[in-house]
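Only a predicted model underlies this, so the values are computations on that prediction, with no experimental measurement involved. For reference, positions follow the sequence shown, starting with 1.
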Amino acid sequence: SYYVSKSGSNAGGTSWSSAWNEFSQVDWSTVGSGSTLYIAAGTYTTCFPVVKISGITIKRATVSDHGTAKDWNDSFDDLVMVDHAPNFFLNVRGVKSFTFDGGSHAPWKFHEIGVTGKSGQLLVENSSNVTIRNVELDGNSERTTIIKGYGPEDGLRVMHSDHLLVEHCYIHDFRQYPGVDSAHEDAVQMPSGNHVTFRYNTFANCGML
């Protein structure tokens, strides 16, 4: 197991005390296939490095998983807020298995907010056997004008991937604005995918190109 926490010392991520304190600090080559990365409550402002290693799981930390762990604090089991830089906050590319679990829904406690660049929020590309659950992707109606030729972008983007499950997610407020002609603003943009299942999700106030 590995850990991300705003109160961590950023010293390798192998415990709650040594946890990485931002997503950009995570070293996937250290985490390795078969590992789970747990994320404590807090506001994060950077993106994960691109995930290219199969068999990784990312989960929001909960009392049920960690209540007796060394250096655990029950406040870690709360809202994870992500307001990220202009790239995908999570980019999964070329893997054969991957799970991302926000840990709860209704209410959702993994809340990714805002569209600050052309890339969108979450990308699954050239991958298989991927599960995404319990995450809120919030376009936040954040930008009403074109920046560097791009308007607001998509929530989830799926490209050339096989066996993808998306469940118990809330994807909302990706919407078209007058005059923002280059914006996609789809809740989901899926140019290509096979055996893709969406179930038990909530969509609201989304537009399309």
**Request:** Please tell me if the side chains of Y2 and I56 come closer than 4.5 Å, counting only heavy atoms from C-beta onward.
**Result:** no
Calculate, to the nearest 0.5 Å, the distance between atoms [atom1] and [atom2] belonging to [X] and [Y] respectively.
X	Y	atom1	atom2	result
D173	F203	CG	CZ	13.5 Å
D74	T62	CG	OG1	10.5 Å
F88	L156	CZ	CG	9.5 Å
I58	F110	CD1	CZ	7.5 Å
I113	D83	CD1	CG	6.0 Å
D101	N134	CG	CG	5.0 Å

**Request:** Any chance you could lay out the side-chain hydrogen bond (donor to acceptor under 3.5 Å, both in side chains) test for N73 and S75, step after step, and finish with the verdict?
**Result:** CA-CA 5 Å; N73 187 309; S75 67; 2.9 Å; yes
Which pair of heavy atoms, one from [X] and one from [Y], lies closest together, and at what distance?
X	Y	result
W20	N10	CD1-OD1, 3.2 Å
T202	W108	OG1-CH2, 4.1 Å
S9	N21	C-ND2, 4.5 Å
V80	A40	CG2-O, 3.5 Å
L137	G155	CD1-C, 3.8 Å
P49	S24	CG-O, 4.0 Å

**Request:** Output every pair passing salt bridge (charged side-chain N to carboxylate O under 4.0 Å, His left out) with a member in residues 1-28, not counting sequence neighbours, ordered by first then second residue.
**Result:** K6-E22
**Message:** Can you pull out every salt bridge (charged side-chain N to carboxylate O under 4.0 Å, His left out) where at least one residue sits in residues 46-70? Sequence neighbours excluded, please.
**Reply:** K59-D65, R60-D77
For [X], check ring pair (Phe, Tyr, Trp, His ring centres under 6.0 Å) against everything at least two apart and list the hits.
X	result
F23	Y44, F48
H172	Y170
H195	H163

**Item:** side chain to side chain contact (heavy atoms under 4.5 Å, CB included), paired with D138, selected from E112, M81, Q121, H111
**Value:** H111
**Complete:** The remaining residues in the hydrophobic cluster of F76, counting side-chain heavy-atom contacts under 4.5 Å among Ile, Leu, Val, Met, Phe, Trp and Tyr, are Y3, W16, Y38, V63, W72
**Request:** Could you list the residues that satisfy side-chain hydrogen bond (donor to acceptor under 3.5 Å, both in side chains) with T57, not counting sequence neighbours?
**Result:** none
**Request:** Could I get the full list of side-chain hydrogen bond (donor to acceptor under 3.5 Å, both in side chains) partners for R133, not counting sequence neighbours?
**Result:** E167
**Message:** Could you go through W28 and V51, starting from their C-alpha distance and side-chain angles, then the distance that decides it, and tell me whether this counts as side-chain contact (heavy atoms from CB on, under 4.5 Å)?
**Reply:** CA-CA 7 Å; W28 292 127; V51 180; 3.6 Å; yes
[X]: which residues meet the side-chain contact (heavy atoms from CB on, under 4.5 Å) condition with it, sequence neighbours left out?
X	answer
S33	I53
T197	L165, R199
V196	L164, M190, F198

**Message:** Would the distance check show the side chain of N201 and the main-chain N or O of H168 forming a donor-acceptor pair, the cut-off being under 3.5 Å?
**Reply:** yes
**Asked** Any donor-acceptor pair under 3.5 Å linking the side chain of S17 with the backbone of D71?
**Response** no
Could you go through residues 122-130 and list every donor-acceptor pair under 3.5 Å that involves a side-chain atom there, pairing it with any protein atom two or more places apart or in another chain?
unit_1	atom_1	unit_2	atom_2	d
S127	OG	G94	N	3.0
S127	OG	V95	N	3.1
S127	OG	E125	O	2.9
N129	ND2	K96	O	3.3

